[in-house]
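Any value given below was found using the heavy atoms of this structure, including those in side chains, with hydrogens, waters and symmetry copies removed. Chain letters run A, B, ... following the sequence lines, proteins first and then strands; every chain starts at 1.
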Number of protein chains: 2
Amino acid sequence: MTEKQEKIITAALDLFAKEGFRNTPTSKIAKQAGVSEGLIFRHFTNKDGLLEAIVNEGGERFKMLYADIVLENDAKKIILKTIHMAKSITANKEDMSFWKLQYKLKWELDIYDAKKIEPLERSLSMAFEELKFRDPKMEAKLLLTLLDGLATRLFLDADFDLEEAIDYLAKKYNLIK
Amino acid sequence: MTEKQEKIITAALDLFAKEGFRNTPTSKIAKQAGVSEGLIFRHFTNKDGLLEAIVNEGGERFKMLYADIVLENDAKKIILKTIHMAKSITANKEDMSFWKLQYKLKWELDIYDAKKIEPLERSLSMAFEELKFRDPKMEAKLLLTLLDGLATRLFLDADFDLEEAIDYLAKKYNLIK
DNA sequence: TATATTTGCAAGTGATTACTCACTATTATG
DNA sequence: CATAATAGTGAGTAATCACTTGCAAATATA
C-alpha cells in the first residue's frame, strides 16, 4: 500500500461515512485525498473496488475487536467484555465514524456476514453454559442481537445513553453488584 | 390522492426497498408506475418530496402497529404483544419489504425519531413496573433496543430464525410456560 | 355551457457522474 | 546504467441524473 493509496482510503472512509457511498463522487474523494481522480481507478479498478477495500478492512478490524475475548476463560469476563465492545467502538471520533460506516454499509449493500461473529458467538455460548443458562446458544445469539440494536441506537439516536445501558446490562447478567 | 399518485408511491416503495433511495432514478420509478417522469415532480415537487411522503406513511403505519398495545391493561400482555410486533411486520412479502425500507432509510438519511416510540416505551415501562422489575424504564428501553437488533438480523441475515428468538424471549420474560 | 383548475405527457437541458486514455515521473531490477 | 514495471496525472467522454417547460386532456366550478 502506497502512501497515496492510504490517503484515498482515508478520504473515502470519511466521505462515505458522512454522505453515503452512492452519494459521494470519486472526484470529491480524489480532491480530499490530494490525488488525481484517475489514481483511484488505477489502484481500485472501480468505485466498487474501493468500497470492497473498506469493507474488508472493517472485517479485519472487527475480528481484532473480539480477539482477546475468545481467549478469555472466565465466563463472566467473556460476557462483560462482549458488552463493553459497544463502548470501545465509540472510544474516539474516528473509531465511531468508522464503525458507523460499517453499519451503514450493511444496510446499503444488504449484507450481514454472520460468519464473522461466529467465534464470538461460540465463546459466549460456552460462557452461558458454564453459568447454567437455560439455552446458552439462544442466549448468546440474543445478546449479540441486542448489541446490534445498541449500535442502531448509538449511531442514529443522538440522545441515547450508552453508558447507562451497558451498566444496566451488566447488572442484569449479574456481572457486577 | 389520485390513482397515478398511488402508483408512483407503490413503485417508489418497491424500488427504494430493492435499490436504495439515491440509487433509484426517477425515470425508473415513472416507468414502473406507468406514468410520465414529469408527473412525479408535479405531485411531489422533487425526489425528496417523494421520499418524505413515504417516510410519513411509515410513521403513520408504525403508530398503528402498536395502537392496541398502549390500550392494553394486562402487563404481561403488553410485553408479549410488543415482542410479537416483530412477527407482524413480516407477515407477508409486501409488509416485510415496506418495513425493511423504513429501516434502510433510517441509516441512509441518518434519522431516528425516538418520539415515535415514546408512547410504547411508556406502556412498557408501566408494565415492567407492575411486574416489579428493578429499573422499569431501562428495561423498557432495552427491550425496544433489542427489537431494533431483531429487525437488523431479520432484514439482513437470511438465516435468522425469528420465531425461535421470539419464543425464547417470551420465556425469558416469564410470559409463557 | 363557458371557463378556470388540475392532471398528465413528451421532449428537452444543464449538471454531474464513473471511468478512459495518452502521457509523464518514479522506482525497481538485471 | 539501461530498461521494464509501476505510480501518478489531468483532460476528456458517453451516459445518466433530477428537474423544467410548453402544451394538451380531463375535470371541477360558476
* Structure fact -> From CZ of A/Arg22 across to P of D/dA18 the rounded distance in Å is 13 Å

* Any chance the rings of B/Phe128 and B/Tyr173 have centres within less than 6.0 Å? -> yes

* To do: Can you establish whether the number of heavy atoms outside A/Lys7 located under 6.0 Å from its atom NZ is more than 12?
  => no

* **d(CG, A/Asp48; C1', C/dC19) in whole Å** => 12 Å

* Asked: Over how many whole Å does the gap from B/Phe41 atom CZ to D/dG22 atom C1' extend?
  -> 17 Å

* To the nearest Å, give me how far apart CG (A/Asn46) and P (C/dT17) are. => 17 Å

* **Annotated protein contacts, base or backbone, on nucleotides 3-9 of chain D with a non-hydrogen cut-off under 4.0 Å, one of B, S, - each** => ----BBB

* Can you tell which of C/dC19, D/dA18, C/dT17 lies closest to the side chain of A/Pro25? -> C/dT17

* B/Lys172, NZ atom: more than 12 neighbouring heavy atoms under 6.0 Å -> yes

* **Separation of atom NZ in B/Lys7 from atom P in C/dT7, rounded to whole Å** => 16 Å

* Applying side-chain contact (heavy atoms from CB on, under 4.5 Å), name anything that partners A/Ala30, two or more places apart in sequence or on another chain. => A/Val35, A/Glu37, A/Ile40

* Rounded distance in Å - CD1 (B/Ile40) to P (D/dT20) -> 13 Å

* All pairs passing side chain to side chain donor-acceptor pair (under 3.5 Å) where residues 39-65 of chain B contributes a residue, at least two apart -> B/Arg61-B/Asp95

* **Whether over 12 other heavy atoms sit under 6.0 Å from A/Glu94 CD** => no

* Check the distance between C/dT16's P and B/Lys47's NZ and give it to me in whole angstrom. => 16 Å

* Quick one: B/Glu19 CD to D/dT16 C1', roughly how many Å, whole number? -> 15 Å

